[in-house]
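Encoded as structure tokens, the structure appears first; notes follow it.
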Amino acid sequence: MPRLPFALHHSLVPLLIILLSIALYLGEPLSSEILVYDRIAIGQHQWWRLFSAHLLHTNFYHLLLNLLAVFLLWALHGQYFNQKHYLCLFLGISLGTSLGLYCFAPSLRWYVGLSGVLHGLFIVGAYFDITHQYRTSWLLLIGVWVKVIDEQLSGASDSISALIEANVAIDAHLYGTFCGSIVILGYVVKHRIKNR
């Protein structure tokens, strides 16, 4: 059984994400005023919101759920990433998720939360599990896509919406998962080119 990735080069960026999220939560309502995904503000060139919105949360339960997910993903897959790799993935999937919302979900005016990015990070981690011969991770990879498609067809869970006191942004889950899939495709292509 793999050990938890306690080494600093595996854990620093997830730890910073957790600490930043907590600090920004404690800084509300000012944090939301300047950092939330706000479609109108982004259209006025406040580009930082494409990244910063993912570190904000609607309430304590939303924050707790997302930070538990960060911890669990680190425990499952943290050993595959160093600081630079994880940071690039986090920022890339954050940007891709926000751009997906901006370009293809014009009715979504406001968004906060890590869940879209976490969907992307989860399937990238599952891909690395597969490359390390954990064949059951195919089920994780497929399961995320089944969940995301079901959300698109049936809508979000009412109980989760009530818990976080906001509509669940299922489109963020979709675009985060899509971005993670693009990252996986890039790894596959790179691997095949390297082995030629």
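Note that the structure is predicted; figures quoted are calculated from it, not measured. Every heavy atom of this structure was used, including side-chain atoms; hydrogens, water molecules and symmetry mates were not.
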Quiz item: Less than 4.5 Å apart, any side-chain heavy atom of L140 and any of L76?
Solution: no

Quiz item: Roughly how far, to the nearest 0.5 Å, is OG1 of T136 from CD1 of I130?
Solution: 9.0 Å

Quiz prompt | Within-4.5 Å side-chain heavy-atom neighbours: V189 and I193 | solution = yes

Quiz item: So, D129 and H77: side-chain donor and acceptor under 3.5 Å apart, yes or no?
Solution: yes

Exercise. Measure across S137 and A126 and return the closest heavy-atom pair with its distance rounded to 0.1 Å.
Key: CB-O, 3.6 Å

Quiz item: Should L24 and E28 be marked as a side-chain contact (heavy atoms from CB on, under 4.5 Å) after you check the CA-CA gap, both sets of side-chain angles, and the distance that decides it?
Solution: CA-CA 7 Å; L24 292 174; E28 292 291 3; 5.8 Å; no

Please set out all donor-acceptor pairs under 3.5 angstrom arising from side-chain atoms of residues 103-118, sequence neighbours excluded.
{"residue": "Y111", "atom": "OH", "partner": "G113", "partner atom": "O", "Å": "3.1"}
{"residue": "S115", "atom": "OG", "partner": "H173", "partner atom": "NE2", "Å": "2.9"}

Quiz item: Which pair of non-hydrogen atoms, one from I123 and one from T177, has the smallest distance, and what is that distance?
Solution: CD1-O, 3.2 Å

Quiz item: Looking only at heavy atoms, which two atoms of W74 and S11 are closest? And how far apart?
Solution: NE1-CB, 3.5 Å

Self-check item: F90 side, atom CZ; I17 side, atom CD1 - distance, nearest 0.5 Å
Solution: 4.0 Å

Self-check item: Short side-chain to backbone donor-acceptor contact, N59 and L163, under 3.5 Å
Solution: yes

Self-check item: Worked verdict on Y86 versus H10 for ring-ring contact (aromatic ring centres under 6.0 Å, His included)
Solution: CA-CA 8 Å; Y86 193 95; H10 293 306; over 10 Å; no

Self-check item: Distance-minimising heavy-atom pair for V168 and S161
Solution: CG2-OG, 3.5 Å

Quiz item: Would Y37 and H54 count as a close aromatic pair, with their ring centres under 6.0 Å?
Solution: no

Practice problem: Check whether L73 and L68 end up in the same hydrophobic cluster, where Ile, Leu, Val, Met, Phe, Trp and Tyr are linked by side-chain heavy atoms less than 4.5 Å apart. | Solution: yes

Quiz prompt | Side-chain touch I182/C179, heavy atoms, less than 4.5 angstrom | solution = no

Quiz prompt | Gap separating the CG atom of L63 from the OG1 atom of T58, nearest 0.5 angstrom | solution = 9.0 Å

Quiz prompt | Considering all heavy atoms, the nearest G155-I170 contact | solution = CA-CD1, 4.3 Å

Exercise. Could you tell me the separation between the CD atom of E151 and the NZ atom of K147, rounded to the nearest 0.5 Å?
Key: 3.5 Å

Quiz item: Hey, does L50 have a side-chain heavy atom less than 4.5 Å from the side chain of W47?
Solution: yes

Quiz item: Side-chain contact, heavy-atom cut-off 4.5 Å: S21 with N66?
Solution: no

Self-check item: L35 side chain near R49 side chain, heavy-atom distance below 4.5 Å
Solution: no

Quiz prompt | Closest non-hydrogen atom pair, G125 against Y80 | solution = O-CE1, 3.9 Å

Practice problem: Kindly indicate whether the side chain of L64, heavy atoms from C-beta on, has any atom under 4.5 Å from the side chain of H57. | Solution: no

Self-check item: Ring centre gap for F128 and Y134 strictly below 6.0 Å
Solution: no

Practice problem: Test side-chain contact (heavy atoms from CB on, under 4.5 Å) on F81 and V124 and set out the steps. | Solution: CA-CA 10 Å; F81 309 112; V124 172; 4.1 Å; yes

Practice problem: Kindly compute the distance separating CG (L12) from CG (L87), expressed to the nearest 0.5 Å. | Solution: 9.5 Å

Quiz item: Is there side-chain contact between S98 and F51, with at least one heavy-atom pair below 4.5 Å?
Solution: no

Practice problem: Look at atom OH of Y25 and say whether more than 12 heavy atoms of other residues, nucleotides or ligands are closer to it than 6.0 Å. | Solution: yes

